[in-house]
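One structure is given here, and the rest of the page talks about it.
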Amino acid sequence: MTNAKNILEISELSLSYGHIDALKNISFTVKEGEVAALLGANGSGKSSLLKAISGLVKCSSGKIRFKGNEIQNMRPEKIVASGLAHCPEGRRIFPDLTVFENLQTGAYLCKDKALFKKNLDKVFTYFPLLADRRTQAGGTLSGGEQQMLALGRSLMSNPTMLMLDEPSLGLAPKMIELIFTIIDKISKEEKVSVLLVEQNANEALLHSSHAFVLETGKLTLSGTAGELKNNPSIIKAYLGG
Ligand SMILES: Nc1ncnc2c1ncn2[C@@H]1O[C@H](COP(=O)(O)OP(=O)(O)O)[C@@H](O)[C@H]1O
Ligand SMILES: [Mg+2]
């Protein structure tokens with residue numbers, strides 16, 4: 001892993017909403033094949049960072065390189081097509097569409113029927129429940145099931161990197177375990193790199209190799225998950241120590 005290349009490189013990235021500076025000069029890298037965790041309290045800029053990377057909000061300055069290519073302020077669909085998928089905070093599934101139709105929306109760029117079928121089979125292997133519920137309206141699924149659907153939808157674009165925004169939010173402990181087990185599996189079996197945004201630092205550090213901490217738009221700490229787990233300020237602020 002030490003010789004792995006960087007799949008994502010963020011350099012001096014800043015983002016403002018009017019006069020609110022949501023991200024201030026952020027730099028960090030994620031290596032190919034790793035799960036990196038981005039921690040931080042509510043309002044620290046985690047979702048803004050993911051949205052900037054996936055082209056949903058415009059950065060004010062700085063560079064974002066994905067697989068060596070600059071993607072800052074590129075159109076979101078071009079970024080998805082290049083292999084970077086974003087599973088948003090709050091799932092954002094379409095409640096009136098069926099499970100299958102929701103999955104189809106994740107593959108809207110895929111014109112190859114065989115590839116679509118392959119990705120669908122992959123999603124149904126990871127989430128057999130979605131296969132059973134394929135004709136059920138997304139909005140009638142439980143919170144955990146909706147998170148599975150949101151993850152499945154992201155996988156339908158066949159990503160090489162997945163960004164997950166608070167996948168555990170609002171879920172029961174058993175469902176959180178299940179979701180993280182599947183994230184581990186996706187990363188190991190599909191060799192998908194993962195940038196995991198979490199307020200649940202305990203879980204995130206358990207399932208990542210490196211982690212970063214955002215505080216009011218600034219990156220204040222970074223290190224291996226092991227280092228951060230033992231860092232007194234992390235323990236005090238995030239691990240209930
Ligand atoms: N669309 C927006 N317009 C104005 N301010 C925003 C917008 N989105 C987020 N913010 C502000 O940017 C800061 C970071 O928010 P966010 O990225 O959602 O943080 P987090 O995901 O860590 O909770 C907050 O102060 C928030 O109020
Ligand atoms: Mg957020």
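Whatever order the structure lists ligands and atoms in, that order sets their numbers, starting from 1.
- Remark: minimum distance from atom 9 (C) of ligand 1 to any protein heavy atom is reached at Y17 CE1, 3.4 Å.
- A distance of 9.0 Å separates CG of L171 from CZ of F180, quoted to the nearest 0.5 Å.
- Contact atoms of ligand 1 toward S47: 17 (O), 18 (O), 20 (P), 21 (O) (distance under 4.0 Å to a heavy atom of the residue).
- With 3.5 Å as the limit, one finds no donor-acceptor pair spanning the side chains of S157 and Y108.
- Note that CG of N69 and OG of S82 are 7.5 Å apart. Values are rounded to the nearest 0.5 Å.
- Proximity of atom 26 (C) of ligand 1 to the protein is not indicated, since no non-hydrogen protein atom lies closer than 4.0 angstrom.
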If you look only at distance, which donor and acceptor atoms sit under 3.5 Å apart when one is on a side chain in residues 53-61 and the other is two or more places apart or in another chain?
{"unit_1": "S54", "atom_1": "OG", "unit_2": "L50", "atom_2": "O", "d": "3.0"}
{"unit_1": "S54", "atom_1": "OG", "unit_2": "H86", "atom_2": "ND1", "d": "2.8"}
{"unit_1": "S60", "atom_1": "OG", "unit_2": "S14", "atom_2": "O", "d": "3.4"}
{"unit_1": "S60", "atom_1": "OG", "unit_2": "S16", "atom_2": "N", "d": "3.1"}

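- One of the N, O or S atoms belonging to S47 lies under 2.8 Å away from the Mg ion (ligand 2).
- Of the candidates K191, K67, E190, K67 is the only one forming a side chain to side chain donor-acceptor pair (under 3.5 Å) with T160.
- The ligand atoms of ligand 1 that sit less than 4.0 angstrom from a heavy atom of N42 are 23 (O).
- Of the protein's heavy atoms, at least one falls inside 4.0 Å of atom 19 (O) of ligand 1.
- Protein heavy atom at the shortest distance from atom 17 (O) of ligand 1 is S48 OG, 2.5 Å.
- Surrounding NZ of K218 are at most 12 heavy atoms belonging to other residues, nucleotides or ligands under 6.0 Å away.
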Next item on the list: Check step by step if side-chain contact (heavy atoms from CB on, under 4.5 Å) holds for Q147 and C87.
Entry: CA-CA 9 Å; Q147 185 59 59; C87 190; 3.8 Å; yes

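- Under the side-chain contact (heavy atoms from CB on, under 4.5 Å) criterion, R65 pairs with E9, S11, K63, E70, not counting sequence neighbours.
- When G43, G40, A41 are ranked by how near their heavy atoms come to atom 24 (C) of ligand 1, first place goes to G43.
- Scanning the protein heavy atoms around atom 22 (O) of ligand 1, the nearest turns out to be K46 NZ, 2.8 Å.
- Looking at ligand 1, you won't find any N or O of A22 less than 3.5 Å from one of its N or O atoms.
- The atom name of the N/O/S atom in E89 closest to the Mg ion (ligand 2) is OE1.
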